[in-house]
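One structure below.
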Amino acid sequence: RVFSTTGVPEGDSLSVCGMIALAYHYHEFLVTQFNKVQVNVYADNWSWVSKSITQNFYTLLQTLIFTSAIRMLIDFAKSWAYAVGKDFKKSLLDLQNLFPDGLTPIIVHDDAKELGVQVKYSRKVTLGPIAEKFEHARKQLCKINWMQTTFCAKADLVRAVWQKIFYGAEGQGIGERHFAKLRRQLSNI
């Protein structure tokens with residue numbers, strides 16, 4: 001039997017209730033202070049998005065105060081910051097000033113895999129591999145069109161192509177042109 005310092009061992013159903021209460025209070029703690037910050041909580045994953053450089057900085061400061069008050073540690077090896085825009089990216093370097101000892105690095109990413117989805121935080125999306133993936137799918141749909149099989153069998157093959165092409169596409173900036181080509185090819189089947 002392993003005991004937790006909070007009184008609720010990990011894996012215990014009460015720890016889920018505790019996490020919900022904690023996440024709610026964290027959310028309320030921030031949204032009452034900052035009007036230009038959108039706070040998101042999912043289980044033990046806490047995040048925020050802001051269009052204000054100042055409020056972004058102070059949100060991290062208040063997060064540190066909140067976690068310190070409840071004696072909770074942040075694993076900075078699993079935490080990161082990101083920005084879209086030159087000025088905001090520059091401002092992320094200032095976040096390091098919250099840790100003058102230099103022992104706690106703030107990791108800055110241009111992309112990350114979050115909950116199984118690859119997300120790009122840059123406006124400059126490299127469409128090379130994505131465009132190749134769409135072109136390959138279009139060619140597969142063309143082959144399915146000429147196959148001498150039942151419509152139901154073709155539908156199963158199309159579904160497999162569809163699942164492969166759209167897996168992880170949520171975080172990509174894919175243009176309408178790519179989707180239009182796929183739909184056109186699909187309508188020929």
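Keep in mind that what you see is a predicted model, and the values were worked out from it rather than measured.
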Next on the checklist: Show, in sequence, the C-alpha distance, side-chain angles and deciding distance for Q140 and I165, and conclude whether the side-chain contact (heavy atoms from CB on, under 4.5 Å) test is met.
Outcome noted: CA-CA 11 Å; Q140 286 179 318; I165 191 70; over 6 Å; no

Please report, to 0.1 Å, the donor-acceptor pairs under 3.5 Å made by any side chain of residues 23-32, with sequence neighbours excluded.
residue : atom : partner : partner atom : Å
Y26     : OH   : T63     : OG1          : 3.0
T32     : OG1  : E28     : O            : 2.9
T32     : OG1  : F29     : O            : 3.3

Checklist entry - Is the backbone of I106 close enough, under 3.5 Å, to the side chain of Q96 for a donor and an acceptor to pair up by distance? => result yes

Checklist entry - Residues two or more places apart in sequence or in another chain: which of them pass side chain to side chain donor-acceptor pair (under 3.5 Å) with E176? => result R183

Checklist outcome for this item: One should read off an interatomic distance between R184 CZ and F179 CZ, to the nearest 0.5 angstrom, of 14.0 Å

Checklist entry - Rounded to the nearest 0.5 Å, how far apart are NZ of K154 and CG of L186? => result 11.5 Å

Item to check | Residues L22, W46; criterion side-chain contact (heavy atoms from CB on, under 4.5 Å); working and verdict | outcome: CA-CA 11 Å; L22 197 58; W46 298 355; 4.1 Å; yes

Next on the checklist: K51: which residues meet the side chain to side chain contact (heavy atoms under 4.5 Å, CB included) condition with it, sequence neighbours left out?
Outcome noted: none

Checklist outcome for this item: Residues at least two apart in sequence or cross-chain that pass salt bridge (charged side-chain N to carboxylate O under 4.0 Å, His left out) with D156, listed by chain then number, are R159

Next on the checklist: Please enumerate all residues that pass side chain to side chain donor-acceptor pair (under 3.5 Å) together with W48, with sequence neighbours excluded.
Outcome noted: N56

Next on the checklist: Do I74 and L64 make a side-chain contact, defined as non-hydrogen atoms from C-beta onward lying under 4.5 Å apart?
Outcome noted: yes

Next on the checklist: Would you compute the distance between atom CG of L141 and atom CH2 of W146 and round it to the nearest 0.5 angstrom?
Outcome noted: 14.5 Å

Item to check | Nearest heavy-atom neighbours spanning F57 and D94 | outcome: CE1-O, 3.6 Å

Item to check | Expected output: side-chain S50 to main-chain K36 donor-acceptor under 3.5 Å | outcome: yes

Item to check | For A83 against L92, the heavy-atom pair lying closest together | outcome: CB-CD1, 3.6 Å

Checklist entry - For S68, what residues pass the side chain to side chain contact (heavy atoms under 4.5 Å, CB included) criterion, not counting sequence neighbours? => result none

Checklist outcome for this item: Connected to F88, directly or through other members, by ILVMFWY side-chain contacts below 4.5 Å are I53

Item to check | Listed partners of F99 passing ring-ring contact (aromatic ring centres under 6.0 Å, His included), at least two apart | outcome: F76

Item to check | side chain to side chain donor-acceptor pair (under 3.5 Å) involving N97 - partner list, sequence neighbours excluded | outcome: none

Checklist entry - When hydrophobic residues are tied together by side-chain contacts of less than 4.5 Å, even through go-betweens, does M19 share a cluster with I70? => result yes

Checklist entry - Got a sec, which residues hit side chain to side chain donor-acceptor pair (under 3.5 Å) with Q33, two or more places apart in sequence or on another chain? => result none

Item to check | Counterpart residues, side chain to side chain contact (heavy atoms under 4.5 Å, CB included), relative to I65 (two or more places apart) | outcome: L61, Q62

Item to check | Spacing of K133 atom NZ and K164 atom NZ [to the nearest 0.5 Å] | outcome: 8.0 Å

Item to check | Rounded distance [0.5 Å steps], CD in Q38 versus OG in S47 | outcome: 8.5 Å

Checklist entry - Do you know the tightest heavy-atom contact between I144 and L157? => result CD1-CB, 3.6 Å

Item to check | Common cluster, I107/L93, ILVMFWY with side-chain heavy-atom separation under 4.5 Å | outcome: no

Item to check | Check: Q185/N145 side-chain N/O donor and acceptor closer than 3.5 Å | outcome: no

Next on the checklist: Measuring from atom NZ of K86 to atom NZ of K90, what distance do you get when rounded to the nearest 0.5 angstrom?
Outcome noted: 5.5 Å

Checklist entry - What pairs with A153 under side chain to side chain contact (heavy atoms under 4.5 Å, CB included), at least two apart in sequence or on another chain? => result T149, T150

